[in-house]
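First comes the structure, then the notes that go with it.
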Amino acid sequence: MLQVGKLSGFLNESCKDGVTAAFLMTTSGALLGAGGQQNTIGSVTENVQAAISANVWESFASMPTNYESGETRKGTSQNETLQCLILELEESTIVLQGFGEYVVCLCSDKNVDHLLLRSQLGSLVKALDGAFARLA
C-alpha cells in the first residue's frame, strides 16, 4: 500500500535550490502527493495546480506529431514521446515529466536554471519509477 505521508515527505525533500513545490499526480489530474510550500502560485491550491498541470501535460502528450495521419505522441515511437515539458509563467516556472500513468511536477522561482530543474525532475522521476516498480 502507498503511504501518502512518506510520499509527501519524499516530495518535500525535492524542494530545494529554488524549487517551491513538488507534485505526483495521475495523468487525469488526481493528486497523489505534494510537498513544499503551501499555495505556491498565488492562492491556488495544490489540487488545482495538479489538475491544471496534468491537463496541460495530457494536451501536449496527445498533440499530433504527424498532422497528415493524425498520429499522436502516445501512438508513436519512444523517441517521439513527450519527455519533459517546461512552462514559464509570470512568477514561476513549472516542469513536468511523465512515467507510466503518472506525472511529476516541480514548481520553482522564475530565476531557477532550466537545466537544474530538469536534472532534479529526472532524478525524482527515476526514484519514483523505481519505487512504483517495486510495488507492482
Side-chain angles (χ1 to χ4, degrees):
M1 177 180 282
L2 187 63
Q3 295 181 349
V4 177
K6 289 186 178 182
L7 178 60
S8 293
F10 182 73
L11 292 170
N12 209 25
E13 290 176 15
S14 301
C15 299
K16 57 186 175 191
D17 300 325
V19 174
T20 57
F23 303 105
L24 173 64
M25 61 201 133
T26 64
T27 54
S28 62
L31 183 64
L32 300 176
Q37 301 172 4
Q38 299 295 316
N39 302 327
T40 57
I41 303 175
S43 61
V44 179
T45 66
E46 290 86 357
N47 287 334
V48 173
Q49 289 180 45
I52 291 169
S53 299
N55 191 358
V56 168
W57 174 266
E58 193 65 21
S59 295
F60 275 91
S62 62
M63 285 178 66
T65 56
N66 183 340
Y67 288 96
E68 292 178 12
S69 69
E71 186 176 37
T72 65
R73 285 185 169 88
K74 288 183 177 180
T76 60
S77 63
Q78 178 63 29
N79 58 354
E80 290 188 34
T81 301
L82 181 62
Q83 296 295 317
C84 182
L85 181 62
I86 300 174
L87 305 172
E88 288 197 29
L89 308 176
E90 283 183 22
E91 298 179 13
S92 63
T93 300
I94 297 175
V95 293
L96 303 144
Q97 185 171 336
F99 67 98
E101 294 296 314
Y102 306 100
V103 177
V104 179
C105 173
L106 293 181
C107 302
S108 73
D109 297 329
K110 185 74 172 169
N111 57 357
V112 177
D113 181 50
H114 289 183
L115 291 177
L116 175 64
L117 282 174
R118 287 187 66 184
S119 173
Q120 288 177 304
L121 182 63
S123 297
L124 181 57
V125 166
K126 186 176 179 180
L128 288 170
D129 192 26
F132 277 62
R134 286 191 299 274
L135 290 174

For residues 116-132, pull every pair meeting salt bridge (charged side-chain N to carboxylate O under 4.0 Å, His left out), keeping only residues two or more places apart or in separate chains.
none
Inter- and intrachain pairs under ring-ring contact (aromatic ring centres under 6.0 Å, His included), touching residues 102-130, at least two apart
Phe99-Tyr102, Tyr102-Phe132
Under a 4.5 Å cut-off applied to non-hydrogen side-chain atoms, are Ser14 and Gln120 in contact?
no
Side-chain touch Leu121/Cys84, heavy atoms, less than 4.5 angstrom:
yes
With sequence neighbours excluded, give me every salt bridge (charged side-chain N to carboxylate O under 4.0 Å, His left out) pair touching residues 11-27.
none
Non-hydrogen atoms of Cys15 and Gly36 that approach each other most closely:
SG-CA, 3.4 Å
Checking the side chain of Ser108 only, and the main-chain atoms of Gly18 only, is there a donor and an acceptor separated by less than 3.5 Å?
no
Let me confirm one number: the CG-CD1 distance from Leu106 to Ile94, rounded to the nearest 0.5 Å.
10.0 Å
Closest non-hydrogen contact found for Gly33 with Ser8 is CA-OG, 4.2 Å
For side chain to side chain contact (heavy atoms under 4.5 Å, CB included), just list the numbers for Leu128 and Gln97, CA-CA rounded to whole Å, side-chain angles, deciding distance to a tenth of an Å, and then say yes or no.
CA-CA 12 Å; Leu128 288 170; Gln97 185 171 336; over 6 Å; no
Apply side chain to side chain contact (heavy atoms under 4.5 Å, CB included) to Val19 and Val112, showing your working.
CA-CA 8 Å; Val19 174; Val112 177; 5.6 Å; no
Measuring from atom CG of Asn111 to atom OG of Ser92, what distance do you get when rounded to the nearest 0.5 angstrom?
11.0 Å
Please list all pairs passing the salt bridge (charged side-chain N to carboxylate O under 4.0 Å, His left out) test where one or both residues lie in residues 105-115, with sequence neighbours left out.
Glu88-Lys110
Measuring only between side-chain heavy atoms, which start at C-beta, is Phe23 closer than 4.5 Å to Val103?
no
Between Ser119 (side chain) and Leu115 (backbone), is there a donor-acceptor pair under 3.5 Å?
no
Is there side-chain contact between Thr93 and Leu117, with at least one heavy-atom pair below 4.5 Å?
yes
